[in-house]
Amino acid sequence: LSPETTIDGAAQHLDAMYTDPSNAIFGFAGDTTDIAAGSRLVSVNTETGELTAVGPDLGLWVMGAAMNDEGDLWVTVFDTYEFNGLNSEVRIAEVNPSTGEFIRGPTTLMAGEDPVEVWSIHVSDVAFRFDGAMFISANEPGPLPPEPKSLYLEVNPATAMVQSTVEGPDDIYAAGIVFV
């Protein structure tokens with residue numbers, strides 16, 4: 001990210017970018033020197049890098065976001081902004097795209113009886129397939145890359161339950177999803 005990515009001149013780390021139905025660009029940004037504040041919903045000026053706050057600091061960090069065809073905004077949420085190396089539980093939440101506040105959740109993502117844990121929170125992306133199914137990318141908890149496998153989890157957002165899992169190739173660590 002460029003040093004021009006700012007809110008009122010203060011540098012911000014921008015994650016979880018997505019487009020709304022009118023193709024406007026949004027994301028979640030926060031100040032990594034103030035971890036407790038978390039991130040907040042921002043609109044993104046792609047020409048200048050200037051961010052405009054849409055919502056309040058959430059006190060949590062959003063790492064993945066996507067809007068479905070109905071205009072529902074879903075995100076992956078973590079307690080802190082950390083780099084690789086922690087096995088962290090994944091939580092999902094629905095965010096009001098007008099106010100940047102939580103509508104539903106955050107709720108821990110579950111695979112059967114177990115919470116879903118990832119080795120790196122930075123690859124917890126969200127996407128909606130053409131048929132409306134919600135997917136989250138993740139890496140298995142584990143040792144340093146390239147060991148953790150990439151996982152693509154089909155999720156029921158209403159229950160925060162994993163419906164199915166697709167494993168990526170063993171030699172791919174980065175995980176993101178785009179359905180075209």
(message) Test your reading of the model: is there a side-chain donor-acceptor pair from S39 to the backbone of V62, 3.5 Å cut-off?
(response) yes
(message) Tell me the closest heavy-atom pair linking T108 and A160, and the distance in Å.
(response) O-CB, 3.7 Å
(message) Quick check: do S43 and I25 have side-chain heavy atoms less than 4.5 Å from each other?
(response) no
(message) Looking at every non-hydrogen atom in both residues, tell me the closest pair between G100 and P56 and how far apart they are.
(response) O-CD, 4.2 Å
(request) Side-chain contact test, heavy atoms from C-beta onward, threshold under 4.5 Å: evaluate it for F135 versus V155 and give yes or no. (result) no
(request) Could you list the residues that satisfy side chain to side chain donor-acceptor pair (under 3.5 Å) with N96, not counting sequence neighbours? (result) none
(request) Report yes or no: do V162 and V90 belong to one cluster of Ile/Leu/Val/Met/Phe/Trp/Tyr joined by side chain heavy-atom distances under 4.5 Å? (result) yes
(request) Indicate the atoms forming the closest heavy-atom contact of M161 with Q163, along with that distance. (result) O-NE2, 3.2 Å
(request) Compare every heavy atom of A93 with every heavy atom of P106, then report the nearest pair and how far apart it is. (result) CA-CB, 3.8 Å
(message) Please report the interatomic distance OG(S164) to CG(N156), rounded to the nearest 0.5 Å.
(response) 11.5 Å
(request) To the nearest 0.5 angstrom, please state how far the CG atom of D125 sits from the CD1 atom of I136. (result) 9.5 Å
(request) Indicate, with yes or no, if W74 and V118 share a hydrophobic cluster defined by side-chain heavy-atom contacts under 4.5 Å among Ile, Leu, Val, Met, Phe, Trp and Tyr. (result) yes
(message) Would you say the rings of Y18 and F26 are close, in the sense that their centroids are separated by under 6.0 Å?
(response) yes
(request) Please answer whether the main-chain N or O of G59 pairs with a side-chain N or O of D57 as donor and acceptor at a distance below 3.5 Å. (result) no
(request) Report yes if the side chains of M63 and F78 come closer than 4.5 Å at any heavy-atom pair, otherwise no. (result) yes
(message) I need the L60 CG to R40 CZ distance, nearest 0.5 Å.
(response) 14.5 Å
(request) Check whether any side-chain N or O of E117 sits under 3.5 Å from a backbone N or O of P115 as a donor-acceptor pair, and report yes or no. (result) no
(request) Decide yes or no for E154 and R129: does some side-chain heavy atom of the first lie under 4.5 Å from some side-chain heavy atom of the second? (result) yes
(message) Could you check whether any side-chain heavy atom of D72 comes within less than 4.5 Å of a side-chain heavy atom of F128, counting everything from C-beta outward?
(response) no
(request) Check T46, N45, L51, V44 against T48 for a side chain to side chain contact (heavy atoms under 4.5 Å, CB included) and give me the one that passes. (result) N45
(request) For the pair T76 (side chain) and I92 (backbone), establish whether a donor and an acceptor sit closer than 3.5 Å, ignoring hydrogens and angles. (result) no
(request) Answer yes or no: is there a side-chain heavy-atom contact under 4.5 Å between V95 and I103? (result) no
(request) Measure across M67 and P97 and return the closest heavy-atom pair with its distance rounded to 0.1 Å. (result) CE-CB, 3.7 Å
(message) Testing the basics here: between W61 and D79, what is the closest heavy-atom pair and its distance to 0.1 Å?
(response) CD1-O, 4.1 Å
(request) Using a 4.5 Å cut-off on heavy atoms from C-beta on, say whether the side chain of M134 contacts that of V126. (result) yes
(request) Could you tell me whether the side chain of F102 reaches within less than 4.5 Å of the side chain of V77, counting heavy atoms only? (result) yes
